[in-house]
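Starting off with a structure, shown below.
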Amino acid sequence: MGELRRTHDCYSITEESLESEVTLMGWVHRRRDHGGLIFVDLRDRAGITQVVFAPEVNKEAHEKAHSLRSEYVIAVRGKVRRRPEGMENPKIKTGMVEVACEELRILNTSKTPPFPLDEEKDVSENVRLKYRYIDLRRPVMLENLRLRHNVCQAMRTFLSQKGFFEIETPMLTRSTPEGARDYLVPSRVNPGKFYALPQSPQLYKQILMIAGMEKYFQIVRCFRDEDLRADRQPEFTQLDMEMSFVKEDDIIELIESLMAFIFKQTLNVDVSIPFKRLTYKEAMERFGTDRPDMRFGLELVDITDIAARCGLKVFNAVASSGGVVKAINAKEMADLSRKDLDVLTEFAQSLGAKGLAWVKIKEDGSWQSPIAKFFKDEEQRAIMERLDAAPGDILFFGADQKATVFKVLGELRIELAKRRGLIPEDRFDFVWITEFPLLEFDEDEGRFKALHHPFTAPMKEDIELLDSDPGSVRSRAYDLVLNGIEIGGGSIRIHQQGVQKKVFKVLNIPDEEAEEKFGFLLEALTYGAPPHGGIAFGLDRLVMLMAGRDTIRDVIAFPKTQKAQCLMARAPAEVSMAQLAELYLRPDWKKAE
RNA sequence: GGGGUCGUAGUUCAGUUGGUGAGAACGCUGGCCUGUCACGCCAGAGGUCGCGAGUUCGAGUCUCGUCGGCCCCGCCA
């Protein structure tokens, strides 16, 4: 760089800098070589500034500029001047001015990048991930990471101001039963023993409450060795929080202010608080899911009672065997073609439905449907009234066990909304889901498992049901859902050893195992554990939604592929025998047949 | 573990029922060009059609296997 020192970035060169000498450093975004006159769009993290190389300003710099290529790293010293009349570029912020180069230094050359980074053009993700350092230079990716930084910054500002301590918890911890598969780390000094990377700092943050920290948060990496999705990575980041002496509403209100603060600070968006609230039961009944997208209607309506007395045997059978019949009124969608309906039927079947019954409402209010003949006039009227059906509407029916109907109609609801463009893109619709079941029955294992985690407190009024009817016990858990995606979840925790032991018992975790795995928590609960509760947010998902992206990979600097590999660093990788031996690991592994 | 989809030049893609030397755009290289900003004009280079078998007189195209990207189900307290 010689004696050159950077004085400005490529965003701050404006008319205020006219006539002053500046030094810029950055990458050659594009070169337009006119022979006698050369233009270079110089790009840095902040923006783009046009640099002009003219022989009358500096002959040497002009000559050297012929050799510039895309992504060369250069330093440019020169004077800021107004562009000639009519030559302004209104598309960029610095478009009124340019820098006339008096000295050019090539700080580094570059091979031709493997893909263009100037446009929004879609490049396959494997190439982008292999050359992630180039991908991240693209302004859109840079902005995603900038937003992520700003969101973290807002979280820290807000929580510090509210009296929270940011406290780190261990990355090398112990494997716990329940929950996701752990990533294991062998211990060299303890042959045959393994650490686990944390799935969340759950136990540590509860211990911190018992330790009297009162208000804790951490922006922390978590690990789960499960298959990937667009919104799931094996390592992800969460905003983890815990507070003592609180109830549900304390946490909910705090989080609403936090979200409002984050959105205002980073996007200048006003989100309206308080957020809507739905109980788990209501969410399932009306939307078929515990993470409903509230940006559109198409709600599920129960018609089991009418279905029970109609002439359609499939409906009767479902109604009399404990199942449900529900319907969606797709307003003004009766123009769906036979082919559309076939596709939707296949869609429903792929989710476990046996079929997909539909009814088109004709101009005169009569039914056009393969199942019309099984319904008396009175039954048709009753259904139409309940669904608020009018000519031009089409009704879809789901009849099966509850879980299937919820899933099928819940997904159908989203599919219909997508097809018809009913989902407003620019809205942020939050909703709290409360009163989750504490437990759910695992058919495979033949026992109850915790829906959230085994430290979630049951609702007081349901505690005695723990013995008689565990499946109906509601918990003091709450999830925050944004635009149909779960972005956070938490609960009031159990702070009494007796209750915790009882829950372990219902979960069929033997005393010895509870003692072995969670003994330190059970013991800590006996030394003055305050009532406490908390919540954790998926930072990646939140930023993804705020950035309007479809995958969290776009807001993570170095994400992994669906095979859980890093294409750039090529991880995971084989290790030497010596390394394995040092860890007392046998290298003769084989994939189980 | 399962279903779907994709893989052809550096990139994004086209390539018909299997049939002449595998194409386009952008990018790249060289030349010309003093007001461009997706600069323009001229010329040129660039391919293991992901990989491996098979069918066939003949395979980018068909079959099987395999590797990889993406989407989904299962899984994800």
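Below, chain A is the first sequence line, B the second, and so on; all start at residue 1.
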Phosphate-side-chain proximity, A:K560 and B:C70, N/O vs OP1/OP2 below 4.0 Å: no
Value in whole Å for how far the C1' atom of B:C37 lies from CZ of A:F39: 8 Å
Sugar-phosphate only, base, or nothing, as touched by A:D33 at under 4.0 Å among non-hydrogen atoms: base
Pi-cation contact, A:F436 with A:R476 (under 6.0 Å, within 45°): no
Residues in contact with RNA chain B, drawn from residues 481-495 of chain A - heavy-atom cutoff 4.0 Å: none
Neighbours of RNA chain B within residues 228-241 of chain A, by heavy-atom distance under 4.0 Å: A:R229, A:A230, A:R232
Face-to-face stacking of A:F115 with B:U11, centres under 5.5 angstrom, angle under 30°: no
Centroid under 5.5 Å and tilt under 30°, A:H34 to B:U36: no
Whole-Å gap separating C1' (B:C73) and CD (A:E346): 16 Å
Polar side chain donor-acceptor pair, A:Q202 to A:Y204, under 3.5 angstrom: no
B:G44 versus B:A25 - spacing of their P atoms, nearest Å: 13 Å
Sugar-phosphate, base or nothing in reach of A:L351, heavy atoms under 4.0 Å: nothing
Touch class at under 4.0 angstrom, heavy-atom based, for A:E125 against every strand present: sugar-phosphate
Residue-phosphate contact under 4.0 Å: A:K130 side-chain N/O, B:G68 OP1/OP2: no
Contact list for RNA chain B against residues 43-52 of chain A - heavy-atom distance below 4.0 Å: A:Q50
Integer-rounded Å distance: B:G27 P and A:R32 CZ: 13 Å
Presence of A:R224 side-chain N/O under 4.0 Å of B:C75 phosphate oxygens OP1/OP2: no
Sugar-phosphate only, base, or nothing, as touched by A:T456 at under 4.0 Å among non-hydrogen atoms: nothing
5' precedence on RNA chain B between A:H453 and A:Q565 (nearest-nucleotide basis): A:Q565
Sugar-phosphate only, base, or nothing, as touched by A:P84 at under 4.0 Å among non-hydrogen atoms: base
Audit row: A:D9, A:S12, side-chain hydrogen bond (donor to acceptor under 3.5 Å, both in side chains) steps and yes/no: CA-CA 6 Å; A:D9 63 45; A:S12 53; 3.1 Å; yes
Sugar-phosphate only, base, or nothing, as touched by A:A54 at under 4.0 Å among non-hydrogen atoms: nothing
P atoms of B:A24 and B:G15, separation to the nearest Å: 15 Å
Distance-only donor-acceptor test, A:N126 side-chain atoms vs B:G7 base atoms, 3.5 Å: no
Under-4.0 Å side-chain N/O to phosphate OP1/OP2 contact, A:S124 with B:U12: yes
A:Y131 OH to B:G69 P, straight-line distance once rounded to whole Å: 16 Å
Rounded distance in Å - CG (A:N89) to P (B:G35): 17 Å
Sub-6.0 Å ring centroid separation between A:F236 and A:F223: no
Side chain A:R570 and base B:G68 donor-acceptor under 3.5 Å: no
B:A14 versus B:C26 - spacing of their C1' atoms, nearest Å: 15 Å
B:G40 to B:G4 separation - P atoms, rounded to the nearest Å: 45 Å
Whole angstrom value for the distance that separates P of B:G35 from CZ of A:R83: 15 Å
Touch class at under 4.0 angstrom, heavy-atom based, for A:E88 against every strand present: base
B:C6 and B:C49, which share atom name C1', separated by this distance in whole Å: 14 Å
Short side-chain N/O contact to B:G69 OP1/OP2 from A:R553, under 4.0 Å: no
Step-by-step side chain to side chain contact (heavy atoms under 4.5 Å, CB included) determination, A:E103 to A:V76: CA-CA 6 Å; A:E103 184 180 357; A:V76 167; over 6 Å; no
base_contact_polar (B:G35 base, A:E85 side chain, donor-acceptor, <3.5 Å): no
Sugar-phosphate, base or nothing in reach of A:Q199, heavy atoms under 4.0 Å: nothing
B:C72 to B:G60 separation - P atoms, rounded to the nearest Å: 35 Å
C1' gap between B:G52 and B:U12, integer Å: 28 Å
Separation between the P atoms of B:G65 and B:G3, rounded to whole Å: 11 Å
Value rounded to 0.5 Å, distance of NZ in A:K560 from CD in A:Q233: 7.0 Å
Axial cation check for A:F441 ring with A:K449, 6.0 Å and 45° limits: no
Rounded distance (Å) that lies between atom P of B:U34 and atom CG of A:N58: 18 Å
Phosphate OP1/OP2 of B:G27: any A:T112 side-chain N/O under 4.0 Å: no
Spacing of A:Q562 atom CD relative to B:C6 atom C1', expressed in whole Å: 13 Å
Sugar-phosphate, base or nothing in reach of A:R31, heavy atoms under 4.0 Å: nothing
